[in-house]
Colleague: 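So that we are looking at the same thing, I have put the structure below in structure tokens.
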Amino acid sequence: MPAAVISMVLPLMLLLSSCSSSGAGPITSIFSFGDSIADTGNHCYLLFKAGKRANNCFLPYGETFFRRPTGRSCDGRLIIDFIAEYLGLPLLPPYFGGSPDNFHGGVNFAVGTATALHTDFLTSKLDVKITTTNVSLGVQLDLFKQLLPSLCGDGIQTGCRHLFSKSLFILGEIGGNDYNLPLTDGHGFNDDIQQLVPLVVGYIGFVLREIIELGAVNILVPGNFPIGCLPFYLTKFRNSSSMNYDPSTGCLTRLNKLSKYHNELLQAELSSTRQLYPDVNIIYVDYYNAVFRIYQAPEQFGFTGETWKACCEGEGSVQCGSPSVKPCDDSSKYVNWDGLHFTEATYGSVARSILEEGLFMHPSFNLSSSSRIARDSGDYFPNSF
Ligand SMILES: *[C@@H]1O[C@H](CO)[C@@H](O)[C@H](O)[C@H]1NC(C)=O
Ligand SMILES: *[C@@H]1O[C@H](CO)[C@@H](O)[C@H](O)[C@H]1NC(C)=O
Ligand SMILES: *[C@@H]1O[C@H](CO)[C@@H](O)[C@H](O)[C@H]1NC(C)=O
């Protein structure tokens with residue numbers, strides 16, 4: 001190699017290596033917190049134990065991939081399943097009904113219907129009937145802490161730090177249900193919901209710092225989806241005035257603005273937390289735009305079904321899983337599965353863009369090497385490059 005080239009390459013390599021954290025290397029376990037977007041069986045387990053049922057605990061949920069219901073709110077795999085597959089890890093076992101012996105590759109605390117804020121707090125804050133699980137984000141964190149002695153071996157301090165240096169934490173999506181509660185309780189859209197956003201985001205930030213203090217060094221924090229594109233809300237808030245809709249997608253503008261507001265505050269929260277912990281990989285995952293681009297050009301992504309309709313949906317409400325509702329013939333053509341949740345096809349598309357193309361992560365992050373990709377840190381390079 002000519003000397004001139006070496007002298008240009010060397011500083012570049014130094015910059016690149018200084019970008020990756022000390023924990024860089026293959027991921028050997030995943031710990032997940034959240035709601036139905038990531039729940040791999042917790043909510044259904046809790047319901048069955050309480051003698052209750054929810055539609056997503058029955059077929060046709062699971063029909064596409066598992067050929068049986070697994071408690072996932074989807075016809076097949078979730079984003080978290082694609083991440084586990086990509087990392088060569090077992091699909092993440094749900095915490096409830098599981099045994100620590102099975103948690104070597106990690107464990108999933110996400111519970112369908114979970115809120116970020118504690119349910120007692122939401123009850124006092126909102127004039128709504130709480131219909132969600134009480135296993136909110138803080139409760140999930142407590143369960144995680146209780147599990148540490150059996151997870152970490154070798155003493156909590158050193159054992160956990162060693163384990164978590166090779167672990168991926170996924171904190172979310174969470175918070176969507178805090179807004180769904182008042183939105184679906186007949187309150188419609190009002191300023192009270194907007195005022196929840198800083199509280200929800202502040203709480204996510206608190207839990208983020210807690211898991212960092214416990215030793216987490218690789219953390220994905222997904223934002224909220226464009227909820228104004230969900231068939232459930234498109235039906236509920238149907239309005240003849242075109243000014244309520246985004247012309248490029250037909251999605252409800254006000255609801256999407258709520259998601260964007262949440263995501264903006266969340267990114268600010270992550271940014272200030274990064275300053276406290278510069279060596280920790282705190283990665284915002286832009287679920288909003290990963291899905292929104294599909295709504296802008298569905299055919300380009302293979303979705304030829306109507307985007308405002310769910311593959312499996314009763315008239316106007318989430319009834320997939322009840323005997324009277326028959327799903328569409330080919331769920332891979334539909335963006336949405338049951339009115340509130342996406343199809344495996346959509347989750348797969350989002351996961352591929354994140355994992356294979358390295359898109360929609362800020363800063364860019366390579367999950368297979370668990371190191372930041374220098375591309376995003378372009379500002380650090382001298383102009384001469
Ligand atoms: C959640 O509800 C269950 C059943 O109603 C109850 O046993 C449990 O103590 C509650 N947990 C919390 C953290 O409030
Ligand atoms: C439809 O939207 C307009 C403009 O936002 C609003 O004034 C009107 O009340 C809405 N109509 C219904 C039926 O919700
Ligand atoms: C991530 O790193 C692996 C191995 O180091 C490499 O093969 C892959 O192309 C990288 N992926 C991205 C999206 O940069």
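Order of appearance sets the numbers: ligands from 1, and atoms from 1 within every ligand. Remember, predicted model here, so these are calculated numbers, not experimental data. Scope of the values below: all heavy atoms of this structure, side chains included, with no hydrogens, waters or symmetry mates.
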Colleague: Atom 13 (C) of ligand 1: which protein heavy atom is closest, and how many Å away?
Modeller: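 Answer, as residue, atom name and distance: V139 CG2, 4.0 Å.
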Colleague: Heavy atoms of the protein only: does one fall short of 4.0 Å from atom 11 (N) of ligand 1?
Modeller: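 Yes, because at least one protein heavy atom sits under 4.0 Å from atom 11 (N) of ligand 1.
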Colleague: Hey, does N366 come in under 3.5 Å of ligand 3, counting only N/O atoms on both sides?
Modeller: yes
Colleague: For ligand 3, which atoms have a heavy atom of E356 less than 4.0 angstrom away?
Modeller: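 Checking each atom against E356, I get 13 (C).
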Colleague: Counting N and O atoms only, with roles assigned by atom type, does the side chain of T235 sit under 3.5 Å from a partner on the main chain of P231, one being a donor and the other an acceptor?
Modeller: yes
Colleague: Going by a strict under-4.0 Å cutoff (protein heavy atoms only), does atom 2 (O) of ligand 1 have a neighbour on the protein?
Modeller: yes
Colleague: Identify the protein heavy atom lying closest to atom 4 (C) of ligand 1, giving its residue, its atom name and the separation to 0.1 Å.
Modeller: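 Scanning the protein heavy atoms, the shortest distance from atom 4 (C) of ligand 1 goes to N134 ND2, 4.7 Å.
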Colleague: Examine the side chains of N177 and T132 and answer whether a donor and an acceptor come within less than 3.5 Å of each other.
Modeller: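 Checked: N177/T132 side chains show no N/O donor-acceptor pair below 3.5 Å.
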Colleague: Is H118 close to ligand 1, meaning an N/O of one under 3.5 Å from an N/O of the other?
Modeller: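 N/O-N/O distance under 3.5 Å: no.
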Colleague: What I want to check is whether the side chains of N134 and T119 have a donor and an acceptor closer together than 3.5 Å.
Modeller: no
Colleague: Would you say the side-chain atoms of S353 pair up with the backbone N or O of L359, donor to acceptor, closer than 3.5 Å?
Modeller: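 Side chain of S353 to backbone of L359: no pair is present.
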Colleague: Among all protein heavy atoms, pick out the one at the shortest distance from atom 5 (O) of ligand 2; state its residue, atom name and that distance to 0.1 Å.
Modeller: N244 OD1, 3.1 Å
Colleague: For atom CG of D329, is the number of surrounding heavy atoms from other residues, nucleotides or ligands below 6.0 Å larger than 12?
Modeller: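 No.
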Colleague: May I ask you to check whether F164 and F144 place their ring centers less than 6.0 Å from one another?
Modeller: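 That pair passes the under 6.0 Å test.
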Colleague: Would Y295 and F292 count as a ring pair (Phe, Tyr, Trp, His ring centres under 6.0 Å) if you check the C-alpha gap in whole Å, the side-chain angles of each, and the deciding distance to 0.1 Å?
Modeller: CA-CA 5 Å; Y295 281 97; F292 195 70; 7.2 Å; no
Colleague: Please could you name the atoms of ligand 3 that S368 approaches to less than 4.0 Å, counting only its heavy atoms?
Modeller: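 Once the distances to S368 are compared, the set is 1 (C), 2 (O), 3 (C).
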Colleague: Among all protein non-hydrogen atoms, which one is nearest to atom 9 (O) of ligand 2, and what is the separation to 0.1 Å?
Modeller: N239 ND2, 4.8 Å
